[in-house]
Structure formats: structure tokens, C-alpha cells
Amino acid sequence: MESQLQSIFEDVVVGDRFDERTKLVSCLGAFRQYWSTLPQESHDQCVQWIVRFIHSQHSPKRISFLYDCLAMAVETSLLPPRMVCQALMSSDSLEWERTQLWALTFKLIRKIIGGVDYKGVRDLLKAVMDKIQTVPNFMSSAVVQQLLAAREVVEYILDRNACLLPAYFAVTEIRKLYPEGMLSHWLLGSLISDFVDSFRPTARINSICGRCNLLPVVNNSGAICNSWKLDPTTLRFPLRGMLPYDKDLFEPQTGLLRYVLEQPYSRDMVCNMLGLNKQHKQRCPVLEDQLVDLVVYAMERSETEEQFDDGGTSQLLWQHLSSQLIFFVLFQFASFPHMVLSLHQKLAGRGLIKGRDHLMWVLLQFISGSIQKNALADFLPVMKLFDLLYPEKECIPVPDINKPQSTHAFAMTCIWIHLNRKAQNDNSKLQIPIPHSLKLHHDLPMTDYKIALLCNAYSTNSECFTLPMGVLVETIYGNGSMRITLPGTNCMASGSVTPLPMNLLDSLTVHAKMSLIHSIATRVIKLAHAKTSLALAPALVETYSRLLVYMEIESLGIKGFISQLLPNVFKSHAWGILHTLLEMFSYRMHHIQPHYRVQLLSHLHSLAAVPQTNQNQLHLCVESTALRLITALGSSEVQPQFTRFLNDPKTVLSAESEELNRALILTLARATHVTDFFTGSDSIQGTWCKDILQTIMNSELQIAFFKQNNVPQESRFNLKKNVEEEYRKWKSMTVENDIITHFSMQGSPPLFLCLLWKMLLETDHINQIGFRVLERIGARALVAHVRTFADFLVYEFSTSAGGQQLNKCIEILNDMVWKYNIVTLDRLILCLAMRSHEGNEAQVCYFIIQLLLLKPNDFRNRVSDFVKENAPEHWLQSDWHTKHMTYHKKYPEKLYFEGLAEQVNPPIQLHLQYLPIYFGNVCLRFLPVFDIVIHRFLELLPVSKSLETLLDHLGGLYKFHDRPVTYLYNTLHYYERHLRDRTNLKRKLVHAIMSSLKDNRTPGWCLSETYLKCAMNPRDDNVWIPDDTYYCKSPGPFPNCDWRFNEFPNPAAHALHVTCVELMALAVPGKDVGNALLNVVLKSQPLVPRENITAWMNAIGLVITALPEPYWIVLHDRIVSVISSAVLSSETEWVGYPFQLLDFTACHRSYSEMHCSYILALAHAVWHHSSIGQLSLIPKFLSEVLKPIVKTEFQLLYVYHLVGPFLQRFQQERTRCMLEIGVAFYEMLQAVDQHSKHLAYMDPICDFLYHIKYMFTGDSVKDQVERIICSLRPAMRLRLRFITHISKMEPAAAASTATSVPQSSSVSSPAAQSGAGPS
């Protein structure tokens, strides 16, 4: 090859230049002939040889001539321009020192680059900029002129009218080479910075206004969405594309992470934000720094707080810090020695010593639990901290060790003891003498030692630890010889009734608590294996419940409870202990993570099928616990949890209980409504819900529930006929065994309770055989009888003559519950409430419920006595057991038909042994049923008055509800449409639930004073309409409380829910409340300071998105009015540069903001907090409402600014919506293009559309938008040609628009890519 090429080119170079043109033509002719014989794969090699040959010449004339040859070869389409340019740029001889060669090379590239396809131009731009980087900063000015040829190439590539490549590609390459904050090469001057600046509008379109000031409400599972994700190494927002975003978006978001870390129960959210996975141990230095800063902040707070042991904010903060530190260090997301050294550095010279004991207490938590497994060197930095924080030369006085917080004062001494023990065990030469200042603490006489102090100091020293831990354990196990009775018959327990107080448990280190809980769990398993008839001591059960509240000991706590203790107890068939554990879960657990609760629900469903659980008391307990688990699922917890059970939806469904499955459906319906999960979806998104519904609907009875197959009317008559027939058989059969067998046989119609009803109605008596049949039927099968009985009752009451007969009916029903103990009240009411009656029958059904609950005094007395005598704060009580026993003695639970056994003739002697009852009773079991009853009553307008009566008499029970505010929030939210015009009922509901708690909560904990004063007024003719100042007053401040036992995990979650409850409780339409909330920032309000405007917008975003749709949908109306306003719709009205006016933050600072920028910022705040369901309405809003209005460029840019920042979230959470929005953007552009004579901002518009293509949609919308692009004006079409796959769009039209556009010979079509990112 070389010899042939040499002969072709050397003749030209050496020969006489006299007939240059001829030589050039003949040379090219010879070369063309040679080129045609070359195989394709040798083309590159050939061109590279030519370039090397040219670059080996020294005469500028020769080089110039040979470059002319190359140019002519390209122009005559002999050589591809991309190959030539790449060969020139990759030549090693192209150096800035050879200034003439440099100038000639770049002039040639400038001449032929127009024929290179856009991806080739992108590669050349990178290569040219890389070459320019080799030019030094200091050089002779004489050669600068020639070096500028390279700059001209860059200038031509970046020329938007030339349109050689998408400008988006160019800015990407530039930003890779010159990241944020780095200056471009001097040779390029302002060319690069001006070009990058031209992308600031695109960056702004993709930015949420005031994003750095928006904060979430940390919830157990809420707020876990993509809005809050941060880069785990830099703490920056994950911004898409290499755009010049505003500087604050590139800053580390330490404020956001710190705010989240400060909140109790935020660790899951922190892991979600930073993408931390417990399975992968990865140190996260940025998280470490924030934890250290939080400790320093706590030290500063302690300097100003006088008292510590009053449960104040400082104590809560240290408690929370201790929990966070243990979690993040335990999972190796943070390094303990690094943190201690960093703390030393940040506290040095600050003189902050008031909080030192609390700091050492926090460090002791980790040290005592991990010192045995780690090297001593990891813990020695603590001694440096000691030197800094304990400067005393004298001995520090001993605190009053009768106060629980005194354990903090001894923390440093305990650390010293642990370090010394470790040094001894490791035979380390390192001796750590006890510092003089701690001498008195260390030498405290044994007699004055508190048990907790001993446990804390010696938890790693088994010889010294056994005694104090043994004392603790013995106090709650109870002495074997002492027995006490529990409710029911023949149920005895070990004698200890006083649990360990929370103060004492709080003053134990995590290591000591782990030993204690391990000891309890081991003992329970041992007793389960031993099958002892003696129940666990009440003190043990209550203490175990209290220990389960500590998140720091989760692995031995709730995790061990669900995955080890329960299965072990079940395997041992220790039904008494199983009943105890389920009671604990029902009445004593707080903030249990949803996956544990769903796991337990699945356990319970499998448990219900085991023959041994077919026992009245245990069966009732399993069903009651399952009902609590289902109804207590938080709205945002439902979908993530049930998705896990997709493979086998039966795990969350009961094979036995129709009521539980219906409760699950109601919970699913409520959750999907409150989270707006299916909003904007034409069909159910995802299969998780469908699978569960399908499994449930396999049952004929369930189909009735969905009203797809209502039970025909005659079946009621059939029921009556069947009952009559069975009753005739009952009366005619004489052999006792035959009767018992017939009526209790599996598969026989479940009508026996209807027969008992008939017996009582006709004879006022049930004989002994009736009792035997009930016994033989068994607890599980009896549920079906209760269901049929519920339907039968509705039929009987519907046809009863009323008056005397009605009284008789209700009296018999009452006797069946309270006198004969045939069915428990909660079970019967649940069955009645869950039947699918309609119209008149539904009213009759609810009438029966009301009569059952209120007509006789039995239940009302039980409720009023229980409410009067007890308080819900079980964690503060030491005498719960005494009160529990007093109540059960007055109102004994009878679950085995005892009343019937006594009434029959002759009476039957029952030899029962009840399972232990530590916490439950009929009132507490009824609470989740009452929740359902209220909801069912709300669905039927005619029974409103009955519901008000029920609330008046039984509302006090809500004092013991686990989540009263959440229940009220869900009810007002889900039934918003039903309650819209029933303001009295709404007020009654709020009043009944909230006033039940007034004695147990500090004033102002929930409803505002204004609301209590004005809105609780029951007069219909004088409805209170709040003014603007009401909405501007922020709620709270709320009283401090121990969040471990609160229904909410932190103050912000509490504030959000109570605010929403109050707003929904107003007798004002949702639309008006929504508008009033928006006006808080949109109107000039004296109570809303300008400097905090984004914080107020954040609050409004949080509140309005937590309300039902009528409240937040008003934002759409505001957007429509802004887009229709003269400012945006009339091109003559507009003053100034639109991108500046839509930059809310900058305008606000300079007092030049406009109404449209306020709406933009507020919409961003609202949508940033919205669920994906709420956001899913945007595509429809764009295409149906905004698209017909958008006619001007300003309107279009406003819409792009409005929706652009949310494309990333749509891509991650609901791709279909993202694609719809992408198409809508082009359709709006088409309308604007047709309507406007002149487009001033074509480049930013096109840049944004390229950003969408390369970051989000890829080629997914190509077919829809190609048609639109072809219809646009030529200049716009030219700029967008790389989005379509039309290889060359009307070059003549393009040329008329941009004269400098070359008639390229080979503009290749863009690659068919659907990936995100220019490739």
C-alpha cells in the first residue's frame, strides 16, 4: 500500500507546480483508481498513511497543496469527511509548536466538517478541545493568531445556526471537560462560557424552585420516594444531564440530611435517601459527619437547658441520638473511631462540658455492646475525649443515685471499666489507670450501687454481671412458690405483678437491655417446652412488652419475637403462651415495622387452620389480632408490603374468615384512596392488588360483597324455609346422639344459632342437647353459623311487627350474648357490619347493631366503667394488673357458653382452664370492630343519626385507640364525599374521638383553640367560616412527648395529621379550604414573613397533598388562570427576559417577583410532596386543559418550567405518564409554532426537548413526534432534525434559514437509542 500511495503523492509533491490544477486532477484520478481497489477495512489505514505523509512534509506550500488534494477528495465524495477529520486529529504530529501545520489542519477541518454526521462532530469537538488543552498558558503573542484556527473550528461547531450537532451534545462534552467551577482554556476565551450560559434556561426548566429549602415529613414508610434521594458520597441532588444548574443545587444538601437524621424513627428514610443497604456494609463519611454535627448540636443544647431528667427536648434528643448512632455504626455505615476523633476535633476549645455525661452515655451504649468483638484500639480515642471534657483535677462528686439519670453521670467510669477489662482479656500491655477525677465514682460502696449501674459497668464481665442481672430478672419472674389468679377459670400465674419501670429500662445500656430481653425470651421458650400449666408472671409479660419498644435491640427484640419466639412456642403447642404473645402484639406494641406486622398476619392465617386452635378463646384471639393488624395498616404501608406477597397472595388472605378478607378489602380501598395510588390510572396499575382481589373473589359470598352478584331476594325466604325445616327436625328427633350428630355434622347447613333463637323465642329455654351441639360444632365452624344468623336476624327484624315483638327480639339477642354466652358481642357485630345488605335491609342491619350496643345496659356499663377506671398510658403504670383483675372480677369474660351450661336443666359442670388474659377485654376487642362499624354507617345516609347516638355513648372508648388521630384522618379523607354535606356528623365524629382523650393529653395537643371555640358550635344556621388569619396561624407548638409510645413517630408527622384533621373537619367545602391554603402565600399576609416564604410553601405543599383531591386540585385552576392571563398570553404585555422572571428565588430576593412566578414556585412545592398517584393527573391536565390554551412562546415556556422538573420522577415511578407528557410538549410546541409569527427562544426550547430525549424518553415517542417536527417552521425543524430519523430534512428549506449550513454529503441518522444519555 505504502509504495503505491508514495508513487501517487510524491510525483505531485516533487514535480513542477507549473500546472498545479492538472497535477491535482491527475493525482486524484490515480488515487480514485487505487481507492476503488482497496477493501473497506483498509480505508482507515490508507487515510492515516496520507495524513502521516502530509505531516512529514516541512514545506508549508506542499502541506497546503496536499490539504487541497484532501479537500477536493472530500468534496468529490471520494473520501468520507469523518474519516479524514479523525485521522487529522489523531495524528501525533499535530502539535501547537508547528503553528503552520496547526493552522492549515484546522482550516481544512473547518472546511469539510459540515459533511460529518452529528455523532462524528461530537467526537471531533472533544478531540479539538483536548488538543487545545495541550497549548500552554504562557507563550509568544506572535503565534496566537495561527493557533486561533482551532478556536474557529470550535466556534463553527457551536454555531447554533450551523446546527452540525445537537447543542445538547456539545454542552455535555464541554461540561465533562470543564466541570462546574472550572474555567475553560484561554484560547477559547468566552466562547465556551457563553455557550454554557445559553443552557442556563434549560437547567432552570429542569429545576424545582427553592428545592434546597423543601423538607419532608419523616414517617415510618411515607416520604420514601425518589424526591429525597441524595448522592451518598457528595450529598448532592442526583441531577440529570450535564447542565449548568444553579449553584445551590450542586451544593451538598447537609441541611436536608441533618433535618431527617434529627427526627425520631428516620433511619429507614436515611437509608433510602442515601441508597444504603444493610446487606452491603459500606461506610458513608457524609453520614458520619452529620451524626457528629448532631452530637455537637446536642452538646450546645445541653449548655442552655437547666434540668435534664424532666423528659425535656434535650433528653429526647440524646435518647434519639443514641439509637441512631448504634444503628448506623452497627451496620458499618459509620465508623466509631473516626466519629470519636471527629468529635474531639469539633469540641476542642469549645468548653462545652454540661452535656459530657450524656455524650459518654451515648458512647457507652456502643462500647459495651461491641468491645468484645472489636480491637481495643478502636475504642481508645474515647480517652482523648475524656481528657478534653473532664479537665477537673479534683474528684468529681457522686450524684444522687436514686435518680434514674444518675446512670449518665457514671457513664465515663463504666467506659473505663469496660476498657480495662478488654485490656486485661487481650493481655494488652496498655494500662489505663482510673483517672483521679473519677475515683469517687469508681470506689462507691457496693451497698449504694444501683442494680442498673452494676449492669452497665460489668455487662462484659460475666462474673460480676450475673448477680445484678439475676436480681433484675428475679423481680419480674416471680418467686415460684407465689401464685396469683388471672381472669377466667383455673388460670394461675407466677406471682410478680409489678413490671420494671421505663425509667429503669432507660437507664440500662443497650448491652444490658439485650441481655435482659435475651434472658426473658429464653425463659419463655423454656417454659413453652416444659408445657407448664402455670402462666407467665404479669410483670414479665409487661416488661417484655416495654423492652420491645427499643429499636436499638430490634434483632433480639421484635425480630426475635416474630421469627424465633412465636414459631418455637407454636411448635411446643404452648397455647397459653401463644395467646399471651398475641395479646402483647394487640395491646402493647408500638412502631412495629410494617413487614413484621404483615409477616405476623401471614403466620396467623396459617395458624387458624391448625386443629389445636379450634378452641373458643384462642380462635377468638387469633381472629381479633388479625383484624387489628389489618385495620391498623398505614395507608402508605399497604402497597409496598403487599407487593412482597405477589407470588402467593393467599399468605395475606384468610382461608377461613370472610370478615377478615372484607376488612382487608376495605383497608386496600382506603389506602389506595388516601395515597391516590390509582389516581390517573385507567386500569389498576401493577398486579399486586388484582391478585389479592381475585383470590378473595373466588368465594361466591365475596362476589356478593362487590355487588357483582347480589344475593337474590328469594334466598332470604329460602333461609327462612330452611330454618323452619331444621327446627321441625329438631323438635321431631328423639335420640340425643342422633340430634347432636345431625346438627354438628360437617357440611350440614350452618343454621344452629337460628334454631337456638327460635327455641328462645318460642319456649324461652334451651335444653342440654343445644349446649352439646354447640360444643361439638367447634369454634371455627361456629363462625359460619354466626354469619347465617346475622342474615337471619335482618330477615326476622325486617318482618317483625315492631313494638312488643321487637323488644322481645332484642331481649333474646341480648340474652344470647350476655346471659347464655353463645356468641361474643364483638364477633356478632363484626359479622353484621360486614354483610352486604342494601337499601332497607342495610338500615335494618345497622338498626340491630345500634340496639345490641345501646338498648341493654350490659355493654354500655362495661364501656363506661372501663373508661372511667383506666388510662391508656400503660408504659407509665405499675398497677395495670390490679385494675385489670378488678374489672374482670366485675365483668368476667365467658367464652365457653358458661351461661348456657348454668341455665340448662340439669346444669352442666364445666371443667375449663382459661388461657391467660393479661390485657384484653370485650371493650378493647370491640375497638377495631367499632372502627369498621363507623365506616359502614357513614356509607348509608339514613343512619347518620344512629351513628351520632353511638358516638355519644361509646365514643369514650377511643381513649384506648392506638391511633385515634390517624383513624380520624383516614375516615375524614376516605369518606370526604359522604361527609361533604353532613357537617354535624363530621363535627360529632371529631368531637367524640378527640374529647375522649382530653384527660390524657395536654391542652393544644391536637385541635387549635380557635377551632375548639368557633367550630364546635353545633348551630346549623350559624356555620363558622374562618378568615385568612386562621389559615396563616401555624399549628402548635405541640407539647413534648415520648415518641416511642406515640401514634406518630415524630413531631412533624403529628403536626401534619392534626392540621389535616382540623382542616377536613371544617364546615367549609374542600375547594374553599384549598384556595385559602394557597392564598397563605399568594396573598400578602402580615403573618407570613417574606424571608421564610419557601418554608411556608413547603408547609402548604405538605398539608395540601395530604388532603383529599377536592382540596389540592384547585391548584390546577390557579395554573390555568395564570397561563390565560395577559402577561403570558399576549406577547406585547411581556416585559423582560422570561427565564429571569420565572426564576422565583432570584426575583424574590430582588423584590421583583410576579404572580406567575409565585404560582410556579408553589406548584413545584406541592408537586414535590405529591404522591405519584396525584402527579399522574398532570398528563391529562396538560393534554385536556392546558394544550387548548397554550398559544404563545411564553405560555409554552411556563408549562415547560412547570412540569419539566418532575420528568425524572415520572421516569422512575410511572413511565407511561412521562411518555404522555413528552408527546404533549411537542403538541403544544406545534400550536405555538402555528400561532406565532416569530419565535425568540427556539434554542432553549430545542435544548429542553433534546434533554428529554437523551435523559428520559429515548426513541419511545419518536413515531408520535416525527410527524409534528416535520410540520414546524424550517429553523425549528433544522434544530430538531436529530430527534427524527429522517436522514436529511429538506436541505433547501434548511439552507434558506441558515446560510452557513453545509450541504452535507453524509448526515447520518441518529442512532436508534432508547437509553438515557447522549451516546
SG-CD1 distance between Cys1217 and Ile1172, expressed to the nearest 0.5 angstrom: 6.5 Å

Validation row: Asn206, Arg240 side chains within 4.5 angstrom (heavy atoms): no

Sidechain-backbone polar pair: Arg1281 side chain, Cys163 backbone, donor-acceptor under 3.5 Å: yes

Ion pair check, Arg236 and Glu251, cut-off under 4.0 Å: no

Tyr297 and Arg301: side chain donor to acceptor below 3.5 Å: yes

Distance-only donor-acceptor check, side chains Arg283 and Ser335, under 3.5 Å: no

Salt-bridge criterion met for Lys119 and Asp123 (N-O under 4.0 Å): no

Parallel, tilted or perpendicular: ring planes of Phe1139 versus Tyr1241, cut at 30 and 60 degrees: perpendicular

Basic-acidic side-chain contact under 4.0 Å: Asp197, Arg200: yes

Glu180 bridged to Lys247 by N-O distance under 4.0 Å: no

Asn1098 versus His1169, side-chain donor and acceptor atoms under 3.5 Å: yes

Cys209 vs Leu1160 side-chain heavy atoms within contact, under 4.5 Å: yes

Beyond-backbone contact of Thr1257 with Met1218, side-chain heavy atoms, under 4.5 angstrom: yes

Parallel, tilted or perpendicular: rings of Tyr1254 and Phe169 (30°, 60°): tilted

Inter-residue atom distance Cys1156.SG - Leu1142.CG, 0.5 Å rounding: 5.5 Å

Test item: side-chain donor near acceptor, Ser266 and Gln324, under 3.5 Å: yes

Whether Asn1092 side chain and Ala1095 backbone form a donor-acceptor pair below 3.5 Å: no

Short N-O contact, Lys1253 and Asp1259, less than 4.0 angstrom: yes

Phe1282 and Tyr1250 aromatic ring geometry - parallel, tilted or perpendicular at 30°/60° bounds: tilted

Parallel, tilted or perpendicular, as decided by the 30° and 60° cut-offs, for the rings of Phe1206 and Trp1167: perpendicular

Distance, nearest 0.5 Å, that separates CG of Leu1207 from CG of Leu1219: 10.0 Å

For Pro216 against Val260, the heavy-atom pair lying closest together: CG-CG2, 4.1 Å

Contacts of type side chain to side chain donor-acceptor pair (under 3.5 Å), residue Gln282, not counting sequence neighbours: none

Ser198 side chain to Arg160 side chain, donor-acceptor N/O pair below 3.5 angstrom: yes

Ring centroid separation Phe327 to Phe331 under 6.0 Å: yes

Asn226 side chain to Gln1208 side chain, donor-acceptor N/O pair below 3.5 angstrom: no

Asn272-Arg267 side chain donor-acceptor pair, cut-off 3.5 Å: no

4.5 Å side-chain heavy-atom contact, Leu1082 and Leu1162: yes

Check: Thr234 main-chain N/O paired with Asp231 side-chain donor or acceptor under 3.5 Å: yes

Value rounded to 0.5 Å, distance of CG in Leu243 from CG in Leu249: 11.0 Å

Atom pair NE2/OG of His338 and Ser342 - distance to nearest 0.5 Å: 9.5 Å

Close side-chain approach of His1168 to Trp228, heavy-atom, < 4.5 Å: yes

Centroid-centroid distance, Phe1248 to Phe1225, less than 6.0 Å: yes

Distance in Å, Glu152 CD paired with Leu191 CG, rounded so as to fall on 0.5 Å steps: 11.0 Å

Parallel, tilted or perpendicular, as decided by the 30° and 60° cut-offs, for the rings of Phe328 and Phe333: tilted

Pair Tyr178 + His185: ring centers closer than 6.0 Å: no

